[in-house]
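Chain letters run A, B, ... following the sequence lines, proteins first and then strands; every chain starts at 1. All values derive from a computational prediction rather than experimental measurement.
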Amino acid sequence: GQQLNQSPQSMFIQEGEDVSMNCTSSSIFNTWLWYKQDPGEGPVLLIALYKAGELTSNGRLTAQFGITRKDSFLNISASIPSDVGIYFCAGQPGGSNYKLTFGKGTLLTVNP
Amino acid sequence: DAGVIQSPRHEVTEMGQEVTLRCKPISGHNSLFWYRQTMMRGLELLIYFNNNVPIDDSGMPEDRFSAKMPNASFSTLKIQPSEPRDSAVYFCASSRQGSNQPQHFGDGTRLSIL
């Protein structure tokens, strides 16, 4: 099946710093999604990307759909303590309007 | 608006017992998904329903697992008999039908099989 490599696995940063994480795939996706999961809760959708090359922002978050359709990145600018959590990328292959493959997640810790 | 509602939030039971997890999707959503999350394997899709009909159950690990959706507002995931390796967090998610419709997740059921 399709594999998603998400990196880094974890990050420890100081409040105010910028953060970048990315996902790469062995095959092409038609949709890239970024979710955040807080402890004891389900993943919450942050940003959805539907076209190769697309760059989308949601507040301090920016994500891009790679030109090759095999990668995506998420940037968080000026991090704050509430950014702490696990961030997941997810890809949806062509030919499916429901199946998502998830990365293993990036655990973000922000020191105030 | 109410999100996806799952119950129970936590379940601890002994191996061999039957476990039933419940899910109420968001009203108006006609696609429903059951996922399992573990440290080793991350989030895995178990089964997908569309309009109450199971469309893809290829992720269901084995015959001990079964899922039903008797109506548009309720689904169950059952494990019988349960085993320690079934311990995980189980999520239900729902979405509107069609492409580019985001999946909305419940807060999950943390299942521990002793």
Those residues of [range], ordered by number, that approach chain A below 4.5 Å (heavy atom to heavy atom):
{"range": "residues 15-23 of chain B", "result": "none"}
{"range": "residues 66-87 of chain B", "result": "none"}
{"range": "residues 106-114 of chain B", "result": "B:G106, B:D107"}

Check whether any side-chain N or O of [X] sits under 3.5 Å from a backbone N or O of [Y] as a donor-acceptor pair, and report yes or no.
{"X": "A:Q37", "Y": "A:F88", "value": "no"}
{"X": "A:Q6", "Y": "A:G105", "value": "yes"}
{"X": "A:D71", "Y": "A:C23", "value": "no"}
{"X": "B:R9", "Y": "A:G40", "value": "yes"}

- Task: Look at B:V89, B:D56, B:I55, B:V4 and state which one has the largest set of heavy-atom pairs under 4.5 Å with chain A.
- Result: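 Counting heavy-atom pairs under 4.5 Å, the top option is B:D56.
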
Are [X] and [Y] packed together at the side-chain level, in the sense that at least one heavy-atom pair is separated by less than 4.5 angstrom?
{"X": "B:F33", "Y": "A:K99", "answer": "no"}
{"X": "A:Q92", "Y": "A:N30", "answer": "no"}
{"X": "B:R36", "Y": "B:F65", "answer": "yes"}

- Task: For the residue pair B:N50 and B:S31, confirm or rule out a side-chain donor-acceptor distance under 3.5 Å.
- Result: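 Yes, a side-chain donor-acceptor pair sits under 3.5 Å.
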
- Geometric class of the B:F105/B:Y35 ring pair [parallel <30°, tilted 30-60°, perpendicular >60°]: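 B:Y35 and B:F105: tilted rings.
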
- Message: side chain to side chain contact (heavy atoms under 4.5 Å, CB included), that's the test. Do A:Y87 and A:K36 meet it? Break it down for me.
- Response: CA-CA 4 Å; A:Y87 292 79; A:K36 182 191 178 201; 3.6 Å; yes

What's the shortest heavy-atom distance between [X] and [Y], and which atoms?
{"X": "A:C89", "Y": "A:L4", "result": "SG-CD1, 4.0 Å"}
{"X": "B:P102", "Y": "B:S95", "result": "O-CB, 3.2 Å"}
{"X": "B:P54", "Y": "B:I47", "result": "CB-CD1, 4.2 Å"}
{"X": "A:S27", "Y": "A:S25", "result": "O-OG, 2.6 Å"}
{"X": "A:T68", "Y": "A:I28", "result": "O-CG1, 4.1 Å"}

Chain A contact via [X] - which portion, at a heavy-atom distance below 4.5 Å:
{"X": "B:Q37", "answer": "side chain"}
{"X": "B:L45", "answer": "side chain"}
{"X": "B:T38", "answer": "neither"}

- Item | Inter-residue atom distance A:Y98.OH - B:L32.CG, 0.5 Å rounding |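 That separation rounds to 13.5 Å.
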
- Query: Given A:L107 and A:I86, is the side chain to side chain contact (heavy atoms under 4.5 Å, CB included) satisfied, shown in steps?
  - Reply: CA-CA 4 Å; A:L107 173 62; A:I86 304 177; 3.8 Å; yes

- Leading residue by heavy atom contact count with chain B [cutoff under 4.5 Å; candidates A:D38, A:T31, A:L100]: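 That would be A:L100.
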
- Message: If the contact rule is any heavy atom under 4.5 Å from chain B, which residues of residues 41-66 of chain A qualify, in numerical order?
- Response: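 A:E41, A:G42, A:P43, A:L45, A:Y50 fall under the 4.5 Å cut-off.
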
- Is the number of heavy atoms from other residues, nucleotides or ligands within 6.0 Å of CD (B:E62) greater than 12?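 It does: B:E62 CD has more than 12 such atoms within range.
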
